[in-house]
Amino acid sequence: MFPIINKQLLAKDVKRLDIVAETIAAKAQPGQFVIVMPERGGDWIPLSIVESDPLRGTVSFIFQEKGPATRLLGSLSIQESVSVVMGPLGKPATIKNAGTVVCMASGTGIASILPICRAMKKKENKVIGLIGAAQKKSLLLETQMRLACHSLMITTEDGSYERKGNIVELLKEVLDKERVKLVYVIGNAQTMEEACQLTRPRKIETLIQANTIMYCGSGLCGSCRLEVQSKSVLSCVEGPEFNGHKVDFEKLKIRLQAHERTGKNSGPDNNAAGVMKKIISGFWDN
Amino acid sequence: MLQPPQKIQSKEKRVRNFREVCQGFSRKNAVSEARRCPQCSDPVCMTACPLKIDIPGFIRLLREGDFPASLQKIKEQNPLPDVCGRVCRAPCEQACVLKKEGDPIAIRTLERFAADHGRSFSVLKRKPRLHGAKVAVVGSGPSGLTVASCLARQKMNVTVFESFPFLGGILRYGIPELRMPQKVLDTLTDDIEMEGVDFKTLTRIGRSLSIEELWSQEYKAVILATGTGGAALNQIPGHDLGGVFFAEEFLMKMNVAETSYSRIQADFHRYKRIAVLGAGHKALDCARLCRRLGKDVTLVFPLSEDDLPIHPQERRLALEEGIEFAARTRPLDLIGDETHFVQGVQCDRLDYADPKADGHWQLMVVPDSAFIFAADAVIIASAHKPDMSLYDVIPGLTSTREGYVWVEELSMKTPAANVFAVGDVTCGQFDIVQTMASAKKIVEYVERGLIRL
Ligand SMILES: Cc1cc2nc3c(=O)[nH]c(=O)nc-3n(C[C@H](O)[C@H](O)[C@H](O)COP(=O)(O)OP(=O)(O)OC[C@H]3O[C@@H](n4cnc5c(N)ncnc54)[C@H](O)[C@@H]3O)c2cc1C
Ligand SMILES: Cc1cc2nc3c(=O)[nH]c(=O)nc-3n(C[C@H](O)[C@H](O)[C@H](O)COP(=O)(O)OP(=O)(O)OC[C@H]3O[C@@H](n4cnc5c(N)ncnc54)[C@H](O)[C@@H]3O)c2cc1C
Ligand code: SF4
Ligand code: SF4
Ligand code: FES
């Protein structure tokens with residue numbers, strides 16, 4: 001059991017949890033993630049480690065309540081516990097002294113990029129942050145990102161805050177003005193692909209975090225497969241960071257879309273099997 | 001002579017629930033089956049069992065009605081009788097002399113009977129403290145549990161590290177409740193814990209704990225029993241289409257959590273006709289679960305039906321449940337529709353031929369036999385590979401050509417000092433008894449003082 005010692009509401013439906021997990025806190029590095037099972041025997045989901053404090057033995061996640069698992073996690077209160085936290089998983093992000101670095105993210109991707117911005121800044125890069133959201137209300141972590149970057153630019157799709165537009169447009173302006181050496185982008189497949197299209201002709205190294213569907217987080221189930229340089233790889237073990245210029249975004253979109261369609265548009269199964277109840281006997285007692 | 005009947009859920013009933021299908025023999029039938037064994041003086045069954053269980057011996061004790069003694073006899077060689085008695089492929093039964101004239105002795109089912117009925121509920125519930133050398137076992141699948149239990153009996157101080165939050169490896173997340181109830185596994189791991197073994201879950205060696213840290217915590221040996229935890233991608237083109245699943249994803253979601261089960265049920269709502277590519281127990285388990293979700297299922301495999309590496313009873317049960325077999329069919333490619341969802345499997349038919357006319361009949365592709373097997377979901381249940389990151393985190397390991405960990409055949413030693421490997425990680429072609437037999441090799445060597453721990 002992993003006790004929750006702090007809980008914050010950051011924006012509408014966006015929460016931050018600090019939990020006690022000494023071994024994970026001792027090992028976690030920027031760019032890694034964990035698998036979180038909010039309730040015993042329930043669903044488990046991947047979440048980036050936003051912060052880890054080896055001294056206090058805590059790790060923090062920031063997540064948006066989108067569906068059943070994240071809502072359940074968000075409903076837990078201080079002093080309650082998260083049933084399982086497995087990790088740290090995935091390869092750590094590439095953090096190096098490159099010069100001028102653009103870190104861009106949208107939506108919950110901002111939670112994933114924050115630890116990377118901090119590490120990049122620590123490595124004495126000039127960090128330019130570009131973050132975006134659909135509207136002002138849903139923008140995450142603005143203050144934290146201001147601290148983690150040397151300069152921060154913000155877009156909202158409806159223009160309700162700062163610039164109207166998306167972060168790829170900002171990237172284009174920055175690339176025209178600055179001598180950017182590295183671009184790190186975390187967002188939906190479309191955003192990451194467009195960013196790569198901008199950086200490829202300029203030969204700027206571009207790293208992405210593949211937001212594939214993950215289940216086991218340890219290379220076993222194959223659900224996080226994606227194509228990189230015409231080879232199938234597993235995002236949970238060989239990623240989640242990849243060289244964006246080598247990722248096949250078309251196939252990535254197909255994988256993501258397959259999940260969206262099956263997962264969402266289906267009502268409850270009403271055939272005979274649909275009403276069957278699965279028994280899980282004492283499974284989680286050990 | 002035929003085997004007496006076992007308690008089996010009717011086929012109409014069992015495809016509507018996920019509970020264990022077969023309950024084994026009743027007392028009366030177990031004893032009468034045990035009586036059928038003529039107690040061969042040269043028991044070929046025993047030679048065929050990789051664990052060398054004294055089969056006539058335990059059957060004799062069953063016949064006499066001494067179930068605890070019978071279980072004890074099995075446990076001398078096999079620390080997991082509850083598991084083997086349910087899911088072993090039972091090469092012993094294939095070898096049994098009675099098979100020539102009729103049914104072989106149902107050795108597996110008798111073993112299970114002994115395990116279910118011979119368990120003594122001893123009041124002693126204090127875990128012994130073991131003072132021997134510290135040994136780390138990595139992975140809690142059948143091979144890990146076997147070494148751990150056997151070494152604990154040698155008074156070694158054994159700790160099993162498991163990366164998942166649950167114990168049992170494939171037994172837990174792979175084999176479904178219908179063959180391997182979770183409760184049985186719980187009892188089993190509790191028993192092993194009571195023998196003095198420590199379990200540490202959520203600890204992945206190489207990530208959450210490095211091998212150097214193990215050495216510095218004074219572990220004298222590390223035994224890798226990590227199984228084949230690497231999804232084998234790139235086996236069939238088109239696996240990135242919608243509606244394509246790897247068996248492990250499907251099985252894990254079905255086995256691990258109730259809510260993810262309801263989710264996969266929702267995921268599968270739109271699928272009607274499912275093709276499972278594979279021939280082993282893994283494929284059959286997926287197919288049987290799909291039946292329970294109310295789907296039409298066909299197993300597609302490039303072998304002849306008689307060559308399926310599956311226990312005959314399991315095969316019969318599956319056929320009764322309405323699973324179809326497309327034997328001698330080689331899947332080549334997955335075909336998608338315009339929305340990138342799978343709609344069929346491109347296949348070839350195979351048949352026996354004698355190409356050199358020298359009496360060596362083999363399966364060969366029938367010319368112009370290509371066809372598309374229509375299916376709106378595909379589950380890929382082919383063999384897995386070891387997790388390749390092992391080679392990065394344990395210096396000195398070498399791999400075989402196929403990617404498995406290379407070990408000295410007799411002692412299961414790897415080239416890395418004091419690191420051993422057992423089970424599926426050393427050879428992907430194993431089944432449960434073979435993994436356990438490989439695990440016991442280490443123990444034999446320790447017993448004989450050839451490995452000093
Ligand atoms: C490496 C990695 C790091 C992540 N880090 C964060 C984070 O720091 N903060 C955050 O809010 N979210 C993060 N996510 C996404 C998060 O896992 C999903 O939001 C979560 O699984 C949604 O589950 P749900 O049951 O609440 O919603 P659902 O209704 O199941 O899904 C909502 C949407 O979330 C996505 N999703 C669902 N299941 C998964 C899954 N198993 N893996 C990946 N995506 C999924 C899909 O796009 C889906 O449409 C991360 C994902 C990955 C792969
Ligand atoms: C669905 C299915 C059905 C099957 N049915 C049968 C059957 O009926 N009969 C039969 O004989 N065989 C069957 N098999 C095959 C059999 O299950 C395997 O041969 C056997 O389980 C292999 O055992 P193992 O201990 O080597 O590995 P596994 O059972 O795979 O266990 C390995 C364990 O190690 C853990 N691990 C891996 N890496 C690390 C690490 N770095 N740190 C910590 N822990 C780690 C894993 O989480 C896992 O729990 C089946 C297989 C499947 C998938
Ligand atoms: S372990 Fe398997 S092979 Fe050995 S006796 Fe039992 S069923 Fe037969
Ligand atoms: S070979 Fe068959 S009949 Fe002979 S001892 Fe073994 S189980 Fe009994
Ligand atoms: S999430 Fe299971 S293989 Fe990556």
Side-chain angles (χ1 to χ4, degrees), chain A residues 23-24 26-27 37 39 41-44 68-69 72 83-89 215-216 218-223 225-227 231-234 237-238 248 251-255 257-259 261-269 271-274 276-286, chain B residues 15-19 163-167 173 177 181-183 186 189-190 199 201-204 207-209 229-234 239-246 248-249 252-254 256-261 263 265-270 292-295 339-341 380 384 387-389:
Chain A
T23 36
I24 301 176
K27 298 272 160 146
M37 180 188 284
E39 199 179 59
D43 225 353
W44 49 7
L72 183 61
S83 177
V84 168
V85 182
M86 188 164 87
L89 302 166
Y215 191 66
C216 69
S218 48
L220 180 76
C221 71
S223 59
R225 56 195 187 269
L226 78 159
E227 206 147 299
K231 226 183 107 215
S232 288
V233 295
L234 297 172
V237 279
E238 278 157 86
D248 187 331
K251 291 223 166 130
L252 179 62
K253 282 186 218 160
I254 293 173
R255 295 275 317 136
Q257 167 230 337
H259 175 81
R261 273 231 334 245
T262 53
K264 289 233 172 101
N265 300 350
S266 46
D269 212 335
N271 63 17
M276 283 189 305
K277 183 97 174 105
K278 191 171 145 95
I279 339 149
I280 297 194
S281 49
F283 180 19
W284 292 97
D285 291 337
N286 56 44
Chain B
V15 293
R16 294 172 158 272
N17 69 53
F18 290 91
R19 285 190 295 271
S163 66
F164 281 120
F166 39 75
L167 300 170
Y173 68 72
E177 179 90 12
Q182 309 273 4
K183 256 208 174 97
D186 291 340
T189 47
D190 286 351
F199 287 109
T201 51
L202 291 174
T203 314
R204 190 172 183 81
R207 274 256 158 80
S208 26
L209 198 64
L233 303 170
N234 299 317
H239 63 67
D240 37 19
L241 293 168
V244 180
F245 302 82
F246 279 87
E248 276 70 14
E249 175 183 4
M252 271 187 104
K253 287 190 178 169
M254 291 294 284
V256 168
E258 193 146 351
T259 40
S260 63
Y261 156 74
R263 196 175 279 211
Q265 206 177 344
D267 273 2
F268 269 59
H269 178 70
R270 66 193 304 270
R292 283 155 178 75
L293 292 172
K295 312 292 171 190
T339 61
H340 303 294
F341 267 74
I380 304 175
H384 258 40
D387 168 13
M388 288 304 184
S389 64

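Protein chains get the first letters and strands the later ones, always in sequence-line order, with residue 1 at the start of each.
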* **chain A contact via B:Leu241 - side chain, backbone, both or neither, heavy atoms under 4.5 Å** => backbone
* Asked: Taking all atoms of both residues into account, what is the closest heavy-atom pair of B:Arg207 and A:Pro88, and its distance?
  -> CD-O, 3.2 Å
* Asked: Which atoms form the tightest heavy-atom contact between A:Gly87 and B:Ser208, and what is the distance?
  -> O-CB, 3.9 Å
* Locate the shortest heavy-atom distance separating A:Val84 from B:Leu202; write the atom from each residue and the value. => CG1-CD2, 3.8 Å
* Taking all non-hydrogen atoms of both residues into account, name the closest pair between A:Cys216 and B:Met252 and its distance. => CB-SD, 3.9 Å
* Structure fact -> So NE2 of B:His384 and CG of A:Leu220: to nearest 0.5 Å the spacing works out to 5.0 Å
* To do: Give, for atom CG of A:Leu234 and atom CZ of B:Phe246, the distance between the pair rounded to the nearest 0.5 Å.
  => 8.0 Å
* To do: Could you have a look at A:Met86, A:Lys251, A:Lys27, A:Arg225 and say which one has the most heavy-atom pairs with chain B under 4.5 angstrom?
  => A:Arg225
* To do: Could you look at A:Glu227 and say if it's the side chain, the backbone, both or neither that has a heavy atom under 4.5 Å from chain B?
  => side chain
* Asked: Can you tell if the side chain of A:Trp44 reaches within under 4.5 Å of the side chain of B:Pro165, non-hydrogen atoms only?
  -> yes
* Considering only heavy atoms and a distance below 4.5 Å, find which of B:Ser389, B:Ala231, B:Gly242 pairs most often with chain A. => B:Ala231
* Grab the two heavy atoms, one from B:Glu248 and one from A:Cys221, that are nearest each other, plus how far apart they are. => CB-CA, 3.8 Å
* Can you tell which part of B:Phe164 gets under 4.5 Å to a heavy atom of chain A, answering side chain, backbone, both or neither? => both
* Asked: Tell me, side chain or backbone of A:Thr23 under 4.5 Å from chain B's heavy atoms, or both, or neither?
  -> neither
